[in-house]
Asker: 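Dumping the structure here so I can ask a few things about it.
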Amino acid sequence: MVAEAPLKKKNENFSEWLDDVLQRAELVDIRYNVKGFIVYRPNIMFIVKRVYEIIENLLIEKGHKPALFPIVIPISSFRKESEHIKGFEREVFKINEAGGEELEEELILRPTSETAIYPMFALWIRSYKDLPMKIFQSVSVYRHETKATRPLLRGREFLWIEAHCAFIDEESARNQVKEDLEITKKAFHEFGLPFLMTEREPYDRFYGAVDSYAFDTLLPDGRVLQVATTHYLGQNFSNANVFDIKFTDKDGTRKNVHQTCYGPGVSRIVAAIISIHGDEYGLVLPFDVAPFQIIVIPILKAGKEDVIMEKSRIITQNLSKAGFRTILDDSDKRPGEKYYKWEMLGVPIRIEIGDEEVKKGFVTIFRRDLRSRNKVKDEDVIDNILNLKSLILKELEKRAWDTFNSSMISINSKEELMEKRERAKIVRASFCGRKECADEIKAETEGLEVRGRRIDIKETPSEKCFWCGKEASRVVYLAKAY
RNA sequence: GGGGUCGUGGCCUAGCUUGGUUUAUGGCACUGGCUUCGGGCGCCAGAGUCCUUAAAAGGCUGGAGGUCGUGGGUUCAAAUCCCACCGACCCCA
């Protein structure tokens, strides 16, 4: 039979490629038939769990503790912070009936959990000794998105982690924001994903935040995807009119805590890993992210089945013992078919064992990222893989950053922008900082948005705003966003 | 937010214009067997929407009804025509 067609080319039509890979690799099923809700299948859940694990471990290392708050929030609690409610009220799912009777108080499905968690903080926090309080939960949240929904990229239910912290003063809270940024950088390094770290403009903050910081990555269609945010909330939620979260300080005075919240978007991170590293053979996963790191494939030959299987089993066992997540594919499919299947799923390393390998005491190691083969002597296999582990990540990270960096272009004027728009997916420019200007840019450039100012480096603007020509106050980055 | 295209078995697809031998075409996937295994091979066979009649489970045979996203309508007759809803995709703002 004719071989199945390879996937669509990712860079020609990203949207089709993504739909195709999501289905062919059996990652998600969109046939649940409720708009914005999808089914995560085992092949993607293994990856989702790895992403969760990696971030959770980083959080726990820094003293965060896991917790789980209810999915429902009483509407009275949700309505306490005026900015917060303004932002989210129109996109919450509400429950007002149960058991055939109207509820005494309407409940909402959490769109985010500040208003679920902070009333409890108010009960738990008594003394400066209770601080800092650092809690996180790994959950799904619900937002009735009005824009077009896309599997993983924008759903009405999505997976994330939300970390909520309370501190004695502004300084320690702001340090938490820095820690959040460091955690995200570390995690993204493990995922091999490039990012732009910015402070959002004042009019673009999280509802209820004093300052908002965000990580954007770049998808192959040239649009940026916000994959994590962290916010300094000040005392907006802790003040007496809202949740009144107070503690007694060393000197005996009663004070309201300063807070932060941090939210890495797991669905979106997984989408970014798939989209940025993937190719026309399917997923390509960094070694540590991969749920299965090594696939061993025996290539049988009439009369030699036993020795080939024996060697395959021994190699699989040894690799498992060495701590690699290894599986042996001893199904009776043909080798070629197995290659395609495991490449589709992004297994970073494949070991092929056939008659030759048995006779001459080596194995053939295939790297998914380069799609290249190497012969490695039996006794060197483990060292070789230990070495490959970081080489693979380096390769993926380099490719991803190269694409990212070459898509980021500085411009000085409207004309230059229009001229370079094709190449410039992320635009760096001096800017006046006015919202009217940002709105105008968005309207006249097919959706280019001001994403914010960089926080990892200080940048000083030239005198003029690239758009309106007035005095510039900052250097900003602009992009079309999901 | 505005506009457009579309929905046929697990997936893709033919059929729709001009309603009527369609027990809905073909491919992939699936099941059993053979052959084989260095990139998804070949051959043979099978089954293949769902429900009810139907009763502890499994299997076989026959009959009946319904079924082409869902609901309604037109008609002697609807996958095919009309309306609404649900869902998907594309383009624009």
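Residue numbers start from 1 in every chain, and the chains themselves are labelled A, B, ... in the order their sequence lines are given, proteins ahead of strands.
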Asker: Look at the side chain of A:Glu343 against the base of B:G39 and say whether a donor-acceptor pair falls under 3.5 Å; ignore hydrogens and angles.
Answerer: yes
Asker: When you check the gap from the basic side-chain N to the acidic O, do A:Lys464 and A:Glu471 get nearer than 4.0 Å?
Answerer: yes
Asker: Which letter, B, S or -, goes with each nucleotide of nucleotides 5-12 of chain B from 5' to 3', with contact meaning a protein heavy atom under 4.0 Å?
Answerer: -----SS-
Asker: Take atom CD1 of A:Ile365 and atom P of B:G38, then tell me their distance rounded to the nearest Å.
Answerer: 20 Å
Asker: Classify the side-chain pair A:Thr364/A:Glu357 by whether it contains a donor and acceptor separated by less than 3.5 Å.
Answerer: yes
Asker: Expressed in whole Å, how much space separates the C1' atoms belonging to B:G48 and B:U8?
Answerer: 15 Å
Asker: For A:Lys480 and B:C91, give me the distance from atom NZ to atom P, rounded to whole Å.
Answerer: 9 Å
Asker: Report the distance from atom CD1 of A:Ile351 to atom C1' of B:G39, rounded to the nearest whole Å.
Answerer: 18 Å
Asker: What interatomic distance, in whole Å, is found between C1' of B:U52 and the corresponding atom of B:U67?
Answerer: 13 Å
Asker: Looking at A:Arg205 and A:Glu83, is any side-chain nitrogen of the basic one under 4.0 Å from a carboxylate oxygen of the acidic one?
Answerer: no
Asker: Say we look at B:U36 and B:C43: how far apart would their C1' atoms be, to the nearest angstrom?
Answerer: 12 Å
Asker: A:Arg156 and A:Glu145: which non-hydrogen atoms are nearest, and at how many Å?
Answerer: NH2-O, 2.9 Å
Asker: Can you tell me how far C1' in B:G59 sits from the matching atom in B:A47, rounded to whole Å?
Answerer: 14 Å
Asker: Is it true that A:Arg399 and A:Glu395 make a salt bridge, defined as a side-chain N closer than 4.0 Å to a carboxylate O?
Answerer: yes
Asker: What distance, rounded to whole Å, do you find between the two C1' atoms, one in B:U21 and one in B:G40?
Answerer: 41 Å
Asker: Given the C1' atoms of B:C44 and B:C51, what is the spacing between them in whole Å?
Answerer: 34 Å
Asker: In whole Å, what is the span from the CD atom of A:Glu305 to the C1' atom of B:C37?
Answerer: 9 Å
Asker: With rounding to whole Å, what would you report as the distance between B:A54 and B:C60 at their C1' atoms?
Answerer: 15 Å
Asker: If you check every side-chain atom of A:Phe366, which of B:C89, B:G38, B:G39 has the closest atom?
Answerer: B:G39
Asker: Atom CG of A:Leu22 to atom P of B:A88: distance rounded to whole Å?
Answerer: 14 Å
Asker: By the 4.0 Å heavy-atom rule, please label A:Glu357 as base, sugar-phosphate, or nothing.
Answerer: base
Asker: With a non-hydrogen cut-off below 4.0 angstrom, is A:Asp332 in contact with a base, only sugar-phosphate, or nothing?
Answerer: nothing
Asker: Heavy atoms from C-beta onward define the side chain here; which of B:C37, B:C89, B:G38 lies closest to that of A:Ser15?
Answerer: B:C89
Asker: Starting at CE of A:Met344 and ending at C1' of B:G40, how long is that distance when rounded to a whole Å?
Answerer: 11 Å
Asker: Please determine if A:Glu446 and A:Arg421 form a salt bridge, counting it only when a charged side-chain N lies under 4.0 Å from a carboxylate O.
Answerer: no
Asker: Could you please name the option among B:G40, B:C41, B:G39 that lies closest to any side-chain atom of A:Tyr339?
Answerer: B:G39
Asker: What's the closest nucleotide to the A:Arg350 side chain, out of B:C37, B:C89, B:G39?
Answerer: B:G39
Asker: Please check the phosphate of B:A88 (OP1 and OP2 only) for any side-chain N or O of A:Lys35 closer than 4.0 Å.
Answerer: yes
Asker: Across all strands, who's sitting opposite B:A45 as a Watson-Crick or G-U wobble pair, both distances under 3.5 Å?
Answerer: B:U31
Asker: Please report the distance separating the C1' of B:C85 from the corresponding atom of B:G58, rounded so that it comes out in whole Å.
Answerer: 42 Å
Asker: Mind checking whether A:Trp401 and A:Phe195 have ring centres under 6.0 Å apart?
Answerer: yes
Asker: Cut-off 3.5 Å, side chains only: do A:Asp329 and A:Ser331 have a donor facing an acceptor?
Answerer: yes
Asker: Please determine, for B:G1, whether a Watson-Crick or G-U wobble partner exists with both distances under 3.5 Å, and give it or none.
Answerer: B:C92
Asker: Is there a donor on the side chain of A:Arg334 or the base of B:G38 sitting less than 3.5 Å from an acceptor on the other?
Answerer: no
Asker: Salt bridge check, A:Asp204 against A:Lys435: does any charged N sit closer than 4.0 Å to a carboxylate O?
Answerer: no
Asker: Figure out the CD/C1' separation between A:Glu446 and B:C90, and round it to whole Å.
Answerer: 15 Å
Asker: Relative to the 5' end of RNA chain B, which residue comes earlier, A:Pro298 or A:Glu337, by the nucleotide with the nearest heavy atom?
Answerer: A:Pro298
Asker: How would you label the contact of A:Lys333 with the nucleic acid (heavy atoms, under 4.0 Å): base, sugar-phosphate, or nothing?
Answerer: base
Asker: Nearest whole angstrom, please: distance from the P of B:G38 to the OH of A:Tyr340.
Answerer: 13 Å
Asker: Is B:C85 paired to anything, Watson-Crick or G-U wobble with both distances less than 3.5 Å, and if yes, which nucleotide?
Answerer: B:G69
